[in-house]
Every structure is written in structure tokens, then in C-alpha cells.
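Below is one structure; the comments refer to it alone.
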Protein chains: 2
Amino acid sequence: MKLSKTSEHAIRVLVFMAQTPEEQYSVNTLHETLNIPFKYLGRLMPSLAAAGFVVATHGKNGGYKLLLNYEFVTIASIIDVIDAMDSYSQCILGFENCGDGKSCPLHGYWGPHRDAIKKLWETVTLKDLAKRGFKI
Amino acid sequence: MKLSKTSEHAIRVLVFMAQTPEEQYSVNTLHETLNIPFKYLGRLMPSLAAAGFVVATHGKNGGYKLLLNYEFVTIASIIDVIDAMDSYSQCILGFENCGDGKSCPLHGYWGPHRDAIKKLWETVTLKDLAKRGFKI
DNA sequence: CATAAATACTACCTCCTTGTAGTATTTATA
DNA sequence: TATAAATACTACAAGGAGGTAGTATTTATG
Ligand code: SF4
Ligand code: SF4
């Protein structure tokens, strides 16, 4: 149910880049703009590249650029790369002996929220988040 | 937004005890019944006692017993002792420069869920959870 | 009073996440 | 072709949460 710090960083980077989708950014620029540790980013970005969210240009004047499909990249697809999205299907109480079948009184209340949040993650795209001149 | 393992343990213990509110349980019994590490419980229970959820009887034949107000103990009040409930007021994306005022498009969707879950925690009591013969 | 059975306290160990450091590789360009 | 500026890789350090261990204290009971 919780976003890891790494997922937060990833989302922040991608939302920032989605505000100027044509622009190419070096790790150093992202680091200075978003206040995310340089070396941490240096490890995160390659994995975002591997996941197909951005593409890297090597060598001098290189950097990262969003892929053109960014309009359709959902929060869920980002979380999936970092955190494993299936944590959003689990019991919020951490009980293991029950599920949608045999449920405690909370389940009826919790289930709909869980499902709605999951659907939200699967619906909202980078474009939605970038739409406003939203200060990161 | 996430319950720590310790909160989960606390809730599991208290829900279990709320099913037989008159009963006194030793740490060892709780440990064997709920499969929570003995020594871990031995540290958790005193804090539940300090928080006023249970009362301890020392010495031989001692143990823990629910306080009589258990019917009105909410999930929120338990989380509060362990995790600090205020994590339910924060941004799920971890951004710091925004809030209910200046918001990203997610906020309109996320806010209501956050509030509903918070209210749920503040509404559901141990008695509600214990109501069914719910296998812990 | 001695013993056993319980809670209380305190220190430590382990694992995972986050963050840091150093070095290798790639490529534009003077 | 040398240099500079960028990404890529790998190892390690710090911190917190979860879990373990040992010992002290309390109290019923024979
Ligand atoms: S029934 Fe209750 S404990 Fe079980 S998965 Fe649902 S919310 Fe969690
Ligand atoms: S506006 Fe968006 S980023 Fe800001 S607190 Fe709300 S959900 Fe989080």
C-alpha cells in the first residue's frame, strides 16, 4: 500500500520530464532540480531506461529523454518496475488466513478503497500529472 | 498509509483478545496462538498496557487482560500508539511542495480515498472486528 | 521460604532500503 | 586524437524495522 522512496523519486522525475517532453536532461540537472541524490539517480535512471520510460544518450551532451508514449504511462506501470504492484492487492491488516472469501468485518469496508486506489494507479498517466504547471 | 508489522501484530493480538474479553492470556499463549515471536510480543505487550488497551498481572498465573472499554477502541487509536496516525494526512506521492491548496490532478482523486480510509480507521472498533468468529 | 511462572527491561543481531563512492565506458568536439 | 562531459556498473556505508537473547523483577503456591 505504500510507495517506496525509490518509487516516489521515479514518479517525481518522470512527472517533471513530462512537463517538457521534448527536453533532454542530464542526471546532474535532474539531481539539482529535484533534490534527489545524484548517485542515487545515477542508479535509478538506467532502470527507468531499461523499463522503457526514457531513453539514454551516452557520451558528451548525452542525457535522458522521455519516450513518446509517455502520455499513456500510468502510475501503476512505474510502481510495477520499482515496488511490485501486487502489494496493492493485499490485506491492509496483514492477516494471511483470509481474503475476499472468508473475511473480517473490515474487509467489506477496506476492499472497495483498495480496489479504487488500485484502479486510480492504473488510470492516471504521466500526462495527467504533468498537465498543470505543477511545482515539483 | 501503511501499517507496520508491529501495528499488525498489535491489532491481531487485540482482536483475538476481544473475542473472549474476559479471558486473561499469557504472552506465551498469545505467541503460540498467533504465531508472533515470543520476545517480540514480550516487548509489544507492555506498550499496549502503557497505552491503556490491556492490563498486566505480574507474577505466577499472571498475564494480560483487555480493559473494559475495548468496545470503543478504534483501529486508529492502536495505530496511533505504534505508527503515528498522521501518516494518513500526507501526500501519497511524497511531494512536499503541495497539499490541499495547490494540487496535482491526482489530489482530487486521492484525497477522498485518503480521508475515507482515515475515517474508517477512526470508526471501526475492536468489537466490530471481533464480532465474527474470525480466524486470526 | 523456595520455587516456578509470569511480566519488565535492555542490549544486540539481521535484513532491507536508502544513500554514497569510485571507476569504467561512451561519444561530441576542438 | 586528446579531452571533457555524459551514462553504466559495482561495491560498500548508514539507518531503521523486525526479531532474538539474556537477565531482573514480581507474585502465587507448596
Ligand atoms: S478479511 Fe480483514 S484481515 Fe482478511 S484480508 Fe480482508 S481486511 Fe484483511
Ligand atoms: S497535489 Fe498531488 S502531489 Fe500534492 S499532495 Fe496532493 S496528491 Fe500529493
Side-chain angles (χ1 to χ4, degrees), chain A residues 1-13 17 23-67 78-79 81-84 87 93-96, chain B residues 1-14 17 23-67 78-79 81-84 87 93-94 96:
Chain A
M1 261 328 292
K2 191 199 164 207
L3 274 62
S4 68
K5 209 74 187 168
T6 305
S7 276
E8 285 180 18
H9 289 333
I11 293 170
R12 269 159 46 82
V13 166
M17 293 179 76
E23 198 79 25
Q24 177 184 263
Y25 293 100
S26 71
V27 170
N28 193 46
T29 303
L30 294 172
H31 153 63
E32 288 174 350
T33 309
L34 302 175
N35 276 308
I36 298 171
F38 176 76
K39 286 292 190 177
Y40 200 85
L41 260 185
R43 218 179 6 174
L44 174 60
M45 295 308 294
S47 67
L48 294 183
F53 299 128
V54 295
V55 64
T57 304
H58 282 210
K60 189 170 176 175
N61 302 332
Y64 290 93
K65 206 171 158 180
L66 268 189
L67 280 178
I78 301 169
I79 296 175
V81 170
I82 316 284
D83 279 339
S87 66
L93 294 185
F95 296 152
E96 291 173 0
Chain B
M1 264 325 292
K2 192 204 166 203
L3 275 63
S4 67
K5 209 73 187 167
T6 305
S7 276
E8 287 179 16
H9 288 333
I11 294 171
R12 270 162 44 84
V13 166
L14 292 173
M17 292 178 77
E23 200 78 26
Q24 177 184 264
Y25 293 100
S26 72
V27 169
N28 193 46
T29 303
L30 294 171
H31 152 64
E32 288 175 347
T33 309
L34 302 174
N35 276 309
I36 299 170
F38 176 76
K39 287 293 191 177
Y40 201 83
L41 260 185
R43 219 179 7 175
L44 172 61
M45 294 309 294
S47 69
L48 294 183
F53 298 128
V54 295
V55 65
T57 303
H58 282 210
K60 187 169 177 177
N61 300 332
Y64 291 93
K65 206 170 157 181
L66 269 190
L67 279 179
I78 301 170
I79 296 175
V81 170
I82 317 283
D83 279 338
S87 67
L93 294 185
E96 288 171 4

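Letters go in sequence order (proteins before strands), and every chain restarts at 1.
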**Study point:** Side chains of A:H31 and A:N28 in contact at under 4.5 Å (non-hydrogen atoms)
**Key:** yes
Review point. Got a second to check how far A:S26's OG is from A:M45's CE, nearest 0.5 Å?
Key: 10.0 Å
Practice item. Would you indicate which nucleotide in C:dT7, D:dG19, C:dG19 comes nearest to any side-chain atom of B:Y40? Key: D:dG19
Practice item. Starting from P on C:dT18, measure out to CD1 on A:I82 and report it in whole angstrom. Key: 10 Å
Practice item. Give a yes/no answer on whether the side chain of B:N61 brings an N or O atom under 4.0 Å of OP1 or OP2 in D:dT29. Key: yes
Exercise for review: Determine: side-chain N/O of A:T6 to OP1/OP2 of C:dT18, distance under 4.0 Å, yes or no.
Suggested key: yes
Review point. Once you round it to whole Å, what is the distance between C1' of D:dT20 and NZ of B:K5?
Key: 17 Å
Point to revise | N/O (side chain, B:H58) to phosphate O (OP1/OP2, D:dT25) under 4.0 Å | key: no
Practice item. Starting from the 5' end of DNA chain C, give me the residue, B:G59 or A:P37, whose nearest nucleotide shows up first. Key: B:G59
Review point. Mapping B:M45 and B:K60 to their closest nucleotides on DNA chain C, which lands nearer the 5' end?
Key: B:K60
Practice item. Nearest-nucleotide wise, let me know which of A:A56 and A:R43 is further upstream toward the 5' end of DNA chain D. Key: A:A56
Check your understanding: Can a side chain N or O of A:S26 be found less than 4.0 Å away from OP1 or OP2 on D:dA5?
Key -> no
Practice item. Could you check how far CG of B:N35 sits from C1' of D:dG19, rounded to whole Å? Key: 14 Å
**Study point:** Euclidean distance, atom NZ of residue B:K39 to atom C1' of C:dA11 [Å, nearest integer]
**Key:** 12 Å
Study note, to complete from the structure: Rounded to whole Å, the NZ-P distance (B:K65 to C:dA6) equals 17 Å
Practice item. First locate atom CD1 of A:I36, then atom NZ of A:K5, and finally report the distance between them rounded to the nearest 0.5 Å. Key: 9.5 Å
Point to revise | side-chain N/O A:H9 vs C:dG19 OP1/OP2, d < 4.0 Å | key: yes
Ignoring hydrogens and angles, write down the donor-acceptor pairs under 3.5 Å from the side chains of residues 54-64 of chain A, residues two or more places apart or on other chains.
{"from": "A:T57", "atom 1": "OG1", "to": "A:Q24", "atom 2": "OE1", "distance (Å)": "3.3"}

Study note, to complete from the structure: In whole angstroms, the gap separating P of C:dT7 from CD of B:Q24 amounts to 8 Å
**Study point:** Spacing of B:L41 atom CG relative to C:dA8 atom P, expressed in whole Å
**Key:** 12 Å
Practice item. Drop me the distance from B:N35's CG to B:H9's NE2, to the nearest 0.5 angstrom. Key: 10.5 Å
Revision key, fill the gap. Separation of C:dT18 atom P from A:D83 atom CG, nearest Å, is 8 Å
